[in-house]
Each structure stands twice: as structure tokens, then as C-alpha cells.
**Student:** 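There's a structure below that I have some questions on.
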Amino acid sequence: MAINNVPAMSPLLQGYLQKNNIQPKAVQPKQAAPLANQPLPFPKSELLQAYLLKNQGSLAAQTVQNAAPVTAVNAPETTQPVVWKNDLRSKLRNNEAIIMAVIPRIMNSKDVDGNGLIQGNETPGNFVNDVERLDELKSLGINTLHVLPINPPGRTEAMGTAGSVYAPDDLLALDPELVDENPPLPARKEIEAIYQKRTGKQLVKMDKNDPEVGFAQCQYFVNECHKRGISVMLDLPSCVSVDFAKKHPELMAKEKDGITDKTPGGWQDIRMFAPWENEEKRILNKGLLELHKKFVDMTIGLGMDGIRADVGRAKPVEFWNVIIPYSRSKDPEFGWLAETYTYEEASPQLNMPHDRPEDLIHAGFDTIYGQYHIYNQWTKADDLYNYVKENIDMSNRMKDGQRGLIGSFSTHDDQSPMFYGGAPWVKLTTTLQATLPQMSPYFVDGVQTGDYYLYPYEGTKNPETQTDTNDCVVHRGRIDIFNKSRKPGGNSPDIGEYMTAAMKLKSGEYKNIINEGSFVVLNTDNPQIIAFARHLNGKTLLVVANRNVNFRNSASININGFKHNQQLNNLLPSYSDKSRFQTADNKLVVDIAPARAHVFEIDTPNIEKGAKAVYRQLMTDKQAAGINNNAAA
């Protein structure tokens, strides 16, 4: 800092002046001599003598009158408090969240030898080095992180050599493997300050076995997210590890024999909770409620903004009717995302109840997963339109405000979208995420560069293990949740460039049209051509795309008010082969390349008239019941 363009005195000097009530005499610049030859004004202070000798070149040219007024000086703070106001609940309900799912232990891991595993002296992702990637995610347009579970994994009957992140050994502890015991100095100072604030003690050793070190480092990570305007949503596992089940039998669901713990189909390493103390009388398990309240407290205490509830249907509505209001009593903007799908048969699983998304929405969830993860199975545009209508209708039935969906075109449970058509397919679905109604875009880390999630160690044994198995379990084509693996990433950085442009479209100039405008379905003569508009207050965005990833498709699209001289300037980057367009009054003829998508702003203030259908999500705090969307005449 400078005062009147000359260096200010140090805090040490100011403190000395105040403590000793001394007003130094002015030193005239013209008569200045080398300070080494002048008597020191405070000969008894060795620190001050050293300071003056070190800075004699600058101090000789200034007068004391230029110094700032002497004020009390406290011990210097190592970090500035983060000014952050949680708005995640509003972002989720208003279709404004842009979400990236990350796994902290692999988010920024350093796979030096390239074998895909983190072994020996290689560094896994942790709460500190993961911060290095936040600016990258922010540049993509991400404003919310879905942080997959950060609890210590169970070790018994485990899947993978690090244990599944969804098999927690303790819901109220953090994985010590996520601690950096030698963080860089700037981070260390902030972590020390957080630790002291949390515990009232000074941090002596950055020890991963000290639980409060883990909490302090996690809070440091959250603070760094907030500094960048990124909300943080923590994953709440629906089940627990075998180790946890053995320690807490009173919380576990039993098979009909009353002895064996219930295990969801396909998952040997986890056991299910018993949400009921007496299901017939609808009395909830008080111990389980208390555990989840403590999880909420932990999450809020870490500064996080919301929770993603894994397999929301694993607990009854009555359970969420307690837990969600409890969280909102602590933070009214605390957001809730439910992993729940639209169709009951979407994810059938032994011992797991059916999906019931509308019930969970009534219980207070702000956003749900929805069904876009099976979009690759929808071969006709009408499949998409019908699904949009179904969810808008469901939102409009809510009496306490609108609800949204995430763009679940791929999640950590799903195969990489690269398998369905490579980079063009990812760009097509990214365009849909940026332009569909009722949508908070959602991506899994690695998709932005085209990761196929293929790991060379699949099916091999790792001599280094933290569980009771050396088997490197992998779900082929899915991000690894079982082992300490490489940082997610592929060989198509152009996807990230396209994603950046698409998210700017979503959150920039056209934000209100996309988040609040009507959804106008346009008539075409080709079921594989997607053609819809987003319309608000006379402004229109036109979206046209070819669902087919292998062949070109042509169509004639009826657009009321469209002019033959309408200029078509694609608002998103071009990719793949070129498409061709022919304009006419009230009509656009298209020949679109495989998996190509285009977005245009067009001048059609009356486009809703004569459209195939028009749907509107009601964007109000209080909604009237019984409002339905009907196809336009």
C-alpha cells in the first residue's frame, strides 16, 4: 500500500509508535543522508533498527507527516472472510443452476506414470489441490458443484481398492485421505485460521488423523468455491458400508428373517437403512432422523449450500418431511436435489422402493433428476416434447412454487455420452441442456473433454489397497467411484469450448427467454428433426437439431410469422458437417448434418399462433392448482 505515492510504514512501526506514545520528528528530504550514518530515532528497538536499515532508500525520501494516523494494530489475519449469500434453492427452482459433478479424491489427482491408478508417491485429489481446478470449471460456466460423498469408505466386502464413495463408514466424518498434510503456504494460512475459528486452538500439525484438520481443509475448499461464485451441494449417501451396519444394527433394515441386513441389488458393499421404527403405525426411526439432522448440521457447518439425496426413494416422504424443513430452519436457501426418476421402472432394484418424484417434490425437494439419462433411447422428437410437457405439468401442479429438473443426460451412474455419438452427440445434448425449459444443466467431470471413462486397470489387481480387496472394480464406461484413479479428462477439448458458449447463452442475454419463456413445439414433416422455439415478450429463440447421429436429415418446419428474408446467425459454434437452410414465408426448410444443433434468434412475435403445441412453466412463488397445458389450436 502507498500513501501519497510513497510507501506506508509497516504495522510493526505503527504499533511501536502507538505503544510508546511517540511522535517522530519530520525528516526533510533535501537534507537526507544515508540512514546508516544517522542516529536511529529508537535505539532500543532492534526490530525497528533492522526495518529502517533495510528500507533506508525509500524512507529517506519521505516525511513522517505522510504517514497514516496511528491506530491499534491487531495480529495480522491470514485470510479475509468470504462474503457469501447462499441462493442455491432459488437457483435450482428458477432453472439457473449449472452443475458439475466432481469426485474430490480424483478431481485433481496426479497420475505420473499414466497407468490410470494413483500409486506410490503419486498424489490423489484432495481438498487443497482440487482448488487448482476451480477457475477452469468456472470458465465453463459452472456455478454449482455436486460433490460426491466425502466420507471415509468402508473396508469390508468393499468394491475397489479405495472403496466406493457411496459406502460410507461414518456419515459424520470426512475421509482423511482427502487431507493435504503439506499444503502451500497461502492455503496453509487460511486453513490454520479456519481451524482456529472452529476449535479455538492453534493448528500445530497438519495431520490427516486429526478430524478437525479435514473439516478445516474442506471448509477451505468450499470458501474457494464461494470466492468464485460457485455453490456447493454435498452428496448424502442413501446406504452405508458393511462396517457401519455392524456398528449400528439399530439403524439397519432387515430381511424377512429379522437377522440379515438388507442389501440393494447389485451392491455387495452397502446395506440399507431402516427408516421406520414401526412402519404399520408410520413411526419413523428416531435414531436415523437424528443421524441425518447431524449430517445437515455438518454440511451447513462446512459452509455448503445444499444436499443431493442419493436414491431419494430409499426413504419415505414422511422422513423428508422432517429433514428438509429442519435444514431450512437453519438456512432458508438450503437447496435439495433428489435422485429420483419419472418412471417407476426406470431403475428397478431389489429391496429398493419405486420412484415417486411428485411425492418427493411435495416433501420439499427443489429439483429432481428426471429421465434425460435415457434420451439416447428416444428416437423421435415427439418423445422429447412429450417428456417436457409431462414435467411442466407436474411443476405446475405444485402450490408452493415451481420445480425443475437437472440435465441428467449423463450422471456418474451412466455410461459416458461419448459412446452414443462422440463429441457431436455431447454438443447436441449440451445444446438441449442450454435451451430446454425447466432445466438446470448438469455434467459429470470429464465430459467437457470427452472422457470415455475407460481405465487400463479394469479387471486387474492392485498390490496397494485400502480395503479388503486388491481387485480394481470398474463399471465400464462410467467414472470410477471405486479406486484412486487419474484425473477425469479426454481428448476433445472442443467440447469444453462449445459448453462454455452454450452456458453463456443459457445465463447471458437470453437467460429470461430460456428460463421463463414458453416452449413452442413446431410442426415438421420429419420425426427425427427437433424443432422448437423459446418465446418471451415478443422475442424468440429457434432451436433446430438432427437427432440422428449417423445420417443427415431434411425437413420442412412451419413457423408462423417467419419471413423469407430472415437472417439466420447461429448463436453457438459450428461443429461437424455443415447444415443447409432455405427460408420462405412461414417456413424454414432444413438439411441438417448428423447430431448437429443450431440456435437462432428470429423475429416472430406471433410464433405461438398455429404452433403444434405451447407449454409454459408457471414461474411464481404461489401457483394455482389445476392448471394444465393444452396443445395450441
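Below, all heavy atoms of this structure are taken into account, side chains as well, without hydrogens, waters or symmetry copies.
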**Student:** So, does Asp235 use its side chain to make a donor-acceptor pair with the main chain of Val147 at under 3.5 Å?
**Tutor:**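 Not confirmed, Asp235 side chain does not pair with Val147 backbone.
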**Student:** Does a salt bridge link Arg403 with Asp400, judged by any charged N lying under 4.0 Å from a carboxylate O?
**Tutor:**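 Answer for the salt bridge query: yes.
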**Student:** What pairs with Ser554 under side-chain contact (heavy atoms from CB on, under 4.5 Å), at least two apart in sequence or on another chain?
**Tutor:**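 So Ser554 forms a side-chain contact (heavy atoms from CB on, under 4.5 Å) with Asp591.
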**Student:** Do side-chain atoms of Gln438 reach the backbone of Asn391 as a donor and acceptor pair under 3.5 angstrom?
**Tutor:**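 Present.
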**Student:** If you measure only the distance, is there a donor-acceptor pair under 3.5 Å linking the side chains of Ser90 and Glu333?
**Tutor:**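 On atom types as modelled, these side chains qualify, holding a pair under 3.5 Å.
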**Student:** Any sub-3.5 Å donor-acceptor pair from Ser109's side-chain atoms to Lys487's backbone N or O?
**Tutor:**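 The answer is yes, because a donor-acceptor pair under 3.5 Å joins these two groups.
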**Student:** Just wondering, are more than 12 heavy atoms of other shown residues or ligands nearer than 6.0 Å to CG in Asn491?
**Tutor:**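 Counting neighbours around CG of Asn491, 12 or fewer heavy atoms of other residues, nucleotides or ligands fall under 6.0 Å, so no.
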**Student:** Minimum heavy-atom separation for Lys506 to Gln433, with atom names?
**Tutor:**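 Answer, listing the atom of Lys506 first, then Gln433: CD-O, 4.4 Å.
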**Student:** Any chance you could lay out the salt bridge (charged side-chain N to carboxylate O under 4.0 Å, His left out) test for Lys389 and Asp393, step after step, and finish with the verdict?
**Tutor:** CA-CA 6 Å; Lys389 178 184 185 301; Asp393 284 346; 2.7 Å; yes
**Student:** Kindly say whether Gly116 contributes a backbone atom to a donor-acceptor pair with the side chain of Asp111 at under 3.5 angstrom?
**Tutor:**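 Yes, because the side chain of Asp111 sits within donor-acceptor range (under 3.5 Å) of the backbone of Gly116.
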**Student:** Whether the side chain of Glu96 engages the backbone of Lys91 through a donor-acceptor N/O pair (distance < 3.5 Å, no angle test) should be reported.
**Tutor:**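 Here the side-chain-to-backbone pair does not exist.
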**Student:** Just by distance, no angles: are the side chains of Tyr369 and Arg308 close enough, under 3.5 Å, to form a donor-acceptor pair?
**Tutor:**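 Side chains of Tyr369 and Arg308: pair found under 3.5 Å.
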**Student:** Between the side chains of Ser579 and His598, does any donor sit under 3.5 Å from an acceptor?
**Tutor:**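 Distance-only check passes for Ser579 and His598.
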**Student:** Please step through salt bridge (charged side-chain N to carboxylate O under 4.0 Å, His left out) for the pair Arg228 and Asp135, ending with a clear verdict.
**Tutor:** CA-CA 8 Å; Arg228 294 160 174 81; Asp135 289 333; 2.7 Å; yes
**Student:** Are the side chains of Pro264 and Met272 in contact, using a 4.5 Å heavy-atom criterion?
**Tutor:**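 Yes, close enough: below the 4.5 Å cut-off.
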**Student:** Among Asp305, Thr144, Val102, Asn86, which one satisfies side-chain contact (heavy atoms from CB on, under 4.5 Å) with Val232?
**Tutor:**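 Checked Asp305, Thr144, Val102, Asn86 against Val232; only one passes side-chain contact (heavy atoms from CB on, under 4.5 Å): Asp305.
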**Student:** Looking only at side-chain N and O atoms, does Thr411 offer a donor or acceptor that is under 3.5 Å from a partner on Asp414?
**Tutor:**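 Yes, Thr411 and Asp414 have a side-chain donor paired with an acceptor closer than 3.5 Å.
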**Student:** Is it true that atom CZ of Arg476 has more than 12 heavy atoms of other residues, nucleotides or ligands lying nearer than 6.0 Å?
**Tutor:**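 No, because the 6.0 Å sphere around CZ of Arg476 holds 12 heavy atoms or fewer from other groups.
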**Student:** Per the side chain to side chain donor-acceptor pair (under 3.5 Å) rule, which among Arg616, Gln617, Glu608 passes with Ser518?
**Tutor:**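 For Ser518, the side chain to side chain donor-acceptor pair (under 3.5 Å) check succeeds only for Glu608.
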**Student:** Would you call the rings of Phe409 and Tyr375 parallel, tilted or perpendicular, where under 30° means parallel and over 60° means perpendicular?
**Tutor:**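 The rings of Phe409 and Tyr375 stand perpendicular, inter-plane angle above 60°.
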**Student:** Distance-only, no hydrogens or angles: does the Arg552 side chain make a donor-acceptor pair with backbone N or O of Pro594 under 3.5 Å?
**Tutor:**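 No.
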**Student:** Is NZ or CZ of Arg596 both nearer than 6.0 Å to the six-membered ring centre of Tyr575 and within 45° of the ring axis?
**Tutor:**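 Checked: cation-pi criterion met.
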**Student:** Walk me through it: do Asp382 and Lys612 pass the test salt bridge (charged side-chain N to carboxylate O under 4.0 Å, His left out)?
**Tutor:** CA-CA 11 Å; Asp382 279 348; Lys612 182 177 180 180; 2.8 Å; yes
**Student:** Nearest 0.5 Å please: distance from the CD1 atom of Ile479 over to the CD atom of Gln415.
**Tutor:**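 Answer for the CD1-CD pair, Ile479 versus Gln415, is 14.0 Å.
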**Student:** Under the side-chain contact (heavy atoms from CB on, under 4.5 Å) criterion, do Leu337 and Asp366 qualify, and how do the steps go?
**Tutor:** CA-CA 6 Å; Leu337 165 64; Asp366 306 297; over 6 Å; no
**Student:** In terms of ring plane angle, is the pair Trp267 and Phe482 parallel, tilted or perpendicular, where the classes change at 30° and 60°?
**Tutor:**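 The rings of Trp267 and Phe482 sit tilted, inter-plane angle from 30° to 60°.
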**Student:** Are any side-chain N or O atoms of Arg89 and backbone N or O atoms of Asp87, one a donor and one an acceptor, separated by less than 3.5 Å?
**Tutor:**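 Not a single qualifying donor-acceptor pair exists.
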**Student:** Hey, what do you get for CG (Asn569) to CD1 (Ile602), rounding to the nearest 0.5 Å?
**Tutor:**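 Taking CG in Asn569 and CD1 in Ile602, the distance rounds to 12.5 Å.
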**Student:** Taking all non-hydrogen atoms of both residues, which atom of Arg356 and which atom of Val317 are closest, and how far apart?
**Tutor:**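 In terms of heavy atoms, the two residues are closest at NH2-N, 3.7 Å.
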**Student:** What distance separates Thr430 OG1 from Tyr498 OH, expressed to the nearest 0.5 Å?
**Tutor:**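 So the gap between those two atoms works out to 7.5 Å.
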**Student:** With side-chain hydrogen bond (donor to acceptor under 3.5 Å, both in side chains) as the test, would you mind laying out the steps for Asn94 and Glu516 before giving the verdict?
**Tutor:** CA-CA 8 Å; Asn94 295 330; Glu516 301 177 24; over 6 Å; no
**Student:** More than 12 heavy atoms of other residues, nucleotides or ligands under 6.0 Å from CD of Gln582: yes or no?
**Tutor:**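 For Gln582, atom CD is not crowded (no more than 12 foreign heavy atoms under 6.0 Å).
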**Student:** Would you please name every residue forming a side-chain contact (heavy atoms from CB on, under 4.5 Å) with Asn376, sequence neighbours left out?
**Tutor:**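 Applying side-chain contact (heavy atoms from CB on, under 4.5 Å) to Asn376 gives Tyr420, Trp425.
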**Student:** With a 6.0 Å cut-off (strictly less than), is the heavy-atom count around CG of Asn537, excluding the residue itself, greater than 12?
**Tutor:**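 Open: at most 12 neighbouring heavy atoms sit under 6.0 Å from CG of Asn537.
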**Student:** Is it true that, when you exclude Lys587 itself, more than 12 heavy atoms of the residues, nucleotides or ligands shown sit nearer than 6.0 Å to its NZ?
**Tutor:**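 Counting other residues, nucleotides and ligands, NZ of Lys587 stays at 12 neighbours or fewer.
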**Student:** Any Lys/Arg nitrogen of Glu339 or Arg313 sitting under 4.0 Å from an Asp/Glu carboxylate oxygen of the other?
**Tutor:**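 Looking at Glu339 and Arg313, the cut-off is not met.
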**Student:** Could you list all the side chain to side chain donor-acceptor pair (under 3.5 Å) pairs where at least one residue sits in residues 538-549, not counting sequence neighbours?
**Tutor:**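 Counting only pairs at least two positions apart or across chains, the side chain to side chain donor-acceptor pair (under 3.5 Å) contacts touching residues 538-549 are Gln528-Asn548, His535-Thr540, Thr540-Thr604, Asn546-Asn553.
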**Student:** Within the distance-only criterion (no hydrogens, no angle test), does the side chain of Asn515 pair as donor or acceptor with the backbone N or O of Ser507 below 3.5 angstrom?
**Tutor:**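 Judged by distance alone, no pair lies under 3.5 Å.
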**Student:** Identify which one of Trp378, Tyr442, Tyr341, Tyr387 satisfies the ring pair (Phe, Tyr, Trp, His ring centres under 6.0 Å) criterion when paired with His373.
**Tutor:**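 Among Trp378, Tyr442, Tyr341, Tyr387, the one that satisfies the ring pair (Phe, Tyr, Trp, His ring centres under 6.0 Å) with His373 is Tyr341.
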**Student:** Applying the side chain to side chain donor-acceptor pair (under 3.5 Å) criterion to Asp480, which one of Tyr455, Tyr453, Tyr457 satisfies it?
**Tutor:**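 That would be Tyr457.
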**Student:** Under a 3.5 Å distance rule, please check whether Asn586 uses its side chain to pair with a backbone N or O of Gly561 as donor and acceptor.
**Tutor:**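 Checking the backbone N and O of Gly561 against the side chain of Asn586, a donor-acceptor pair under 3.5 Å is found.
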**Student:** Assign the ring pair Trp320 / Phe365 to parallel, tilted or perpendicular, where the plane angle (0 to 90°) is split at 30° and 60°.
**Tutor:**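 Answer is perpendicular, since the angle exceeds 60°.
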**Student:** Can Gln448 and Asp451 be counted as having a side-chain donor-acceptor contact under 3.5 angstrom?
**Tutor:**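 Side chains of Gln448 and Asp451: no pair found under 3.5 Å.
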**Student:** Is it the case that more than 12 heavy atoms not belonging to Lys504 sit under 6.0 Å from its NZ atom?
**Tutor:**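 No.
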